[in-house]
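The chains referred to below are lettered A, B, ... by the order of the sequence lines, with proteins before strands, and numbering in each begins at 1.
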Number of protein chains: 4
Amino acid sequence: MTYKELLEQARTCIGPHCKACPVCNGKACGNTMPGPGAKGVGDVAIRNYEAWQKVRINLNTIAENKEPDTGFDFFGKRMKYPIFAGPVGAVNLHYGDKLDDIRYNDILVRACREAGIAAFTGDGTNAEVMKAATAAIRATGGAGIPTVKPWDVDTLKEKFALVKESGSFAVAMDVDAAGLPFLQGLQPPAGSKTVEELGEIVRMAGKPFIVKGVMTVKGALDAKAAGASAIIVSNHGGRVLDQTPSTAEVLEQIADAVKGSMLVLVDGGIRSGVDVFKALALGADAVLIARPYVTAVYGGAEEGVKLLTEKLGKELADTMKMCGVSSLSQIGRDSLFLPQSRYVRF
Amino acid sequence: MTYKELLEQARTCIGPHCKACPVCNGKACGNTMPGPGAKGVGDVAIRNYEAWQKVRINLNTIAENKEPDTGFDFFGKRMKYPIFAGPVGAVNLHYGDKLDDIRYNDILVRACREAGIAAFTGDGTNAEVMKAATAAIRATGGAGIPTVKPWDVDTLKEKFALVKESGSFAVAMDVDAAGLPFLQGLQPPAGSKTVEELGEIVRMAGKPFIVKGVMTVKGALDAKAAGASAIIVSNHGGRVLDQTPSTAEVLEQIADAVKGSMLVLVDGGIRSGVDVFKALALGADAVLIARPYVTAVYGGAEEGVKLLTEKLGKELADTMKMCGVSSLSQIGRDSLFLPQSRYVRF
Amino acid sequence: MTYKELLEQARTCIGPHCKACPVCNGKACGNTMPGPGAKGVGDVAIRNYEAWQKVRINLNTIAENKEPDTGFDFFGKRMKYPIFAGPVGAVNLHYGDKLDDIRYNDILVRACREAGIAAFTGDGTNAEVMKAATAAIRATGGAGIPTVKPWDVDTLKEKFALVKESGSFAVAMDVDAAGLPFLQGLQPPAGSKTVEELGEIVRMAGKPFIVKGVMTVKGALDAKAAGASAIIVSNHGGRVLDQTPSTAEVLEQIADAVKGSMLVLVDGGIRSGVDVFKALALGADAVLIARPYVTAVYGGAEEGVKLLTEKLGKELADTMKMCGVSSLSQIGRDSLFLPQSRYVRF
Amino acid sequence: MTYKELLEQARTCIGPHCKACPVCNGKACGNTMPGPGAKGVGDVAIRNYEAWQKVRINLNTIAENKEPDTGFDFFGKRMKYPIFAGPVGAVNLHYGDKLDDIRYNDILVRACREAGIAAFTGDGTNAEVMKAATAAIRATGGAGIPTVKPWDVDTLKEKFALVKESGSFAVAMDVDAAGLPFLQGLQPPAGSKTVEELGEIVRMAGKPFIVKGVMTVKGALDAKAAGASAIIVSNHGGRVLDQTPSTAEVLEQIADAVKGSMLVLVDGGIRSGVDVFKALALGADAVLIARPYVTAVYGGAEEGVKLLTEKLGKELADTMKMCGVSSLSQIGRDSLFLPQSRYVRF
């Protein structure tokens, strides 16, 4: 199976809103929700993708000719690549009823583990989703990261019990999920958390805690103050708030503020190993990729996940080689082109 | 009735120049006048709309989870949202003869009042328009703002007498209306006013006076010197002068110059609650929205006005929640993304 | 006859390269030469037009309500508007054989004079062109400006004798014409002139001398050093050199360097009275408009020239009024919007 | 034969991936490989072309009227123009089997020599390619530059022996070629070289050594430290690494760093004599043009190479004349428009 065949296969069962486009750039889906589209005007997903194309990298082949090491340490576990499959919920609603969240997570978590990386799983109002997700993680010896919604404290306690059983090496919360329709108007309310509330939740979780949905330096510092071990710079693919900047635009400043004191992950429109390289050069430790993994599961199940992961990893290694770096820690700002010409500006 | 249905219904009776587009962005109407189009090259209306899309907002959900208060005090009256329906004249000429100004204002003023906001009414060479508009305002207990054209002093006296009877809490003058065809070549002439002339008019009005059509810091300071209580940053939707900047581009500097000493309102291409949020973050106290209210009245009468107002208000509240603010006064420059990346520029 | 009818009429006899487009912006003709197109890649004419659209103007109606005076003193003659018809040569070759240069100049010079402005006439390898042009100017009592090519000194002497007889109040030389095909390889050579050579030519001309084809501050200072009374900031509509900047981009700096010590004129893509206003605000004293006058002559002869001139003049006066100025000398940099927003950039 | 006819003729035998477009700008081929397309997203070739269009030049005809001298000294040989045909390999694979590398280089080297310039030849895994290329160069008395891939030292020794026999006045190495598929996974490995390794190779070559594939100031200084006599600022047309900047964007800084101490050449999207002029003004000593020479050979063989070379040379001379310079050394930064307007920005 080639990646082109995977996409063709996906097109037979995904949809109707997702078109399994050659490049997943937010254009064909626009603002269709349900569906993978972004909220409101719908241009945030597009901007996420386009922002990475603006970052240009420094070719450098007067350098040591050494096989690049793409390995990444994540809370004590060695990942083959600094790449995670992102959490997705209600796949049947948004991508077609070939799969439901339970079956989807089961395939994804296992296949990611086999491919040397790990998957983030999603959460839902249906309590079975988290149960099945954590069961899938437990089945791989804890090689996955459950993502819980910003529920009220009592609900969180139940969820965290499941997380604990799963043996996962970390837990995430997409604190920005309040912008999704199904989290609105709940009693007790779900949604935003103060630093103090978040601090309590972090302590309650009892595992390395990852805050997903940070888009400002202030947000990163707040997550740190609450005791988070990592943040995910994310605008939820444009699905929780219209008209945010792209993640690539904010990553540089956020990484400068907290890098070293906590892990910095990023998602949003990352579609190739070159994009992964750029994210790391801007300051991320690793990336999440969501929609392409949905296409991979719909189009190729376990084999699709493997194929996509190896494609991304190979692109990353090739980029590292052509930029003269042989380990992830060598990827830095000097790997990026800093526009300085007085005559040529894009 | 959904907003989509409202638009479909409007398309059966609006036109031929207005197409009741899914998003009212000045493109389909271009420079068609009569019709809603802009003057000359016709790109000012387009630029107004596009400028708001360039402003990006800061997602912030590490914050208190509190129901946002969208209320706004306007000359002693509490408005449900910082949103006004903008003044429109000659609706039969520009939008089709299903309605005339008298019927239009009658529906609009009443329905806005019921929706918790207020409408600005228009003016015309036909004296009946102002009479009917002020009568409609009086019928709601003064919950509307009559807008008078920059006539000669004698005509203004007659108009202000009507305004007084209406019991309206304020009165506006679109001093930029001189650029409209029907105000040209009158005897005595209508049009531009010096600070001194405007000062006399303000005193004559005997009510809080709002100057509409300010596009520079100098204009704002002149309006203030003349005794105005508020300005509306506006280029009249591009209909009075070709090739002005967009209102979003000039709002920041104008608000910095006069904020606090007078109210700052803004119009031009504001189409969603997210746009309202951005306008407030740039320094406006409230906004005017004109063309979408025309579509709402043509497509849904009172129900249409209610539907549009609630849609805008809900979008505003949702945006406030996702940006971590719970009252209008908390919306500020730090709610906006300030581009700083050296690698990614849109 | 309306301007739309003029264009329709022109389309029956102009061409095949010129399409008499609704707005003459260099796109349809591209790089077609013969024809009105630009040299090489052909984007200079397009850039000329687009540059003016980037300049935005300050609406200002808190001002005296006074009829604008558009009059302009040009070497002792009062022009109704700061607008000249630009020189065009070989009209039959580039715009169709309905007219030749002799007939074209005859109509244009006379009709411009009647419309209160003046025309620049062109030159050619055919000696009859300059003879007829100067005869046409003489017939209007000298109300036109002959433009001579940068010939050798002997040829120039003959041309200047004709200019003298015409009684014209000034003479121009398009020193950049060397880039045209028909001026290449002549013996003795035509083309570039040093400051010293140009100084001699200026003295030989014995009339106010206008150097056309200046695109840099250095060029303006050189023209001044040679004794020129005026310059025309011009890239010859992109016809003599590919890939120059637009004239609007260079006007500001050039005007700052020589304004006051010599007249500064500008051409290139100026299509409306708003564009004329912008050119003056950037520092020009007056403008030349070429291609639209060709369309006017082909489409409407004398009536077409009158119609176009009055259209432009009326747009200029309207713009002045809406920007709060009542004479050309009041149009300045503060009439222009200076982009300063940190959040909105076009 | 005209250039248009050459393209038409090429279209009968080139392809299927190359379309012999009117302007070779990387759009039609996109990311098709095999074929002339760029790697990954495929936008580097497009960016290379577009970057030159952003650089604008200063028209200047108040200057001496003198026939421009386009001659260029290259390691002791006088070239008619500062233009080289770039190295291309596997032409049958990428451009169609009308020709193979051996026949292609044979035509190209000879025809370039006759046209007064020189060709760079390519290299391949098939050892016959380098043998034939160096034979073709020897046949012209050494008027060509063999380009060797960054092989292991033993392979390089064999290649350099052939280079020596060819009598070429210099030798090049495209050190960035490691990004091409056919150079991957070789034993011993080909690819990146450290400064020390490169220094040994330079000494081994025993001729002026040209490092191709430099995109940063650091790379230029490294090449210099290794003893190279020249660099070629190049991203290999986007074929070895996705998402690099264009060569025009990096040329200014690189030239500032090493100009004078070594020759600076540049390639990538240079398509006209105006582009050549811009490259020299930004700091290059000469340019390489690759794809258009492929089209010329496929479409017109020796005659095509002559026609293309004279077209480029004539455009360069015409540009020099219109910019007031008469030798290559006079082309400098002051020949370029430096954007300074506060009101007009492209």
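Taking OH of B/Tyr343 as the reference point, atom CD of A/Glu252 lies at 6.0 Å (rounded to 0.5 Å).
Nearest approach of B/Phe346 to A/Ser246, heavy atoms of both residues: CE1-OG, 4.1 Å.
In this structure, the portion of A/Gln253 lying under 4.5 Å from any heavy atom of chain B is its side chain and not its backbone. For A/Leu282, the part sitting under 4.5 Å from any heavy atom of chain B is the side chain, from C-beta outward, and nothing else. Only the backbone of B/Arg345 comes within contact range of chain A, judged by heavy atoms closer than 4.5 Å. A/Leu198 touches chain B through its side chain: at least one heavy atom from C-beta onward sits under 4.5 Å away, while N, CA, C and O do not. If you measure heavy-atom distances from A/Lys278 to chain B, you find no contacts under 4.5 Å at all.
Contacts between residues 308-337 of chain B and chain A, defined by a heavy-atom separation under 4.5 Å, are made by B/Asp318, B/Thr319, B/Lys321, B/Met322, B/Cys323, B/Phe337. Chain A is approached within less than 4.5 Å, heavy atom to heavy atom, by B/Val55, B/Arg56, B/Ile57, B/Asn58, B/Leu59, B/Asn60, B/Thr61, B/Ile62, B/Ala63, B/Glu64, B/Asn65 from residues 55-73 of chain B, ordered by number. The stretch residues 181-190 of chain A places A/Gln184, A/Pro189, A/Ala190 near chain B, each with some heavy atom under 4.5 Å from a heavy atom of that chain.
When each of A/Glu50, A/Glu249, A/Gln243 is checked for heavy-atom pairs under 4.5 Å with chain B, A/Gln243 comes out on top. Of the listed residues (A/Asp222, A/Asn235, A/Val211), the one with the most heavy-atom contacts under 4.5 Å to chain B is A/Asp222. Between chain B and the residues A/Val250, A/Val214, A/Val175, A/Val41, the most heavy-atom pairs under 4.5 angstrom are made by A/Val175.
The side chain to side chain contact (heavy atoms under 4.5 Å, CB included) test applied to A/Ser261 returns A/Lys224, A/Val258, not counting sequence neighbours.
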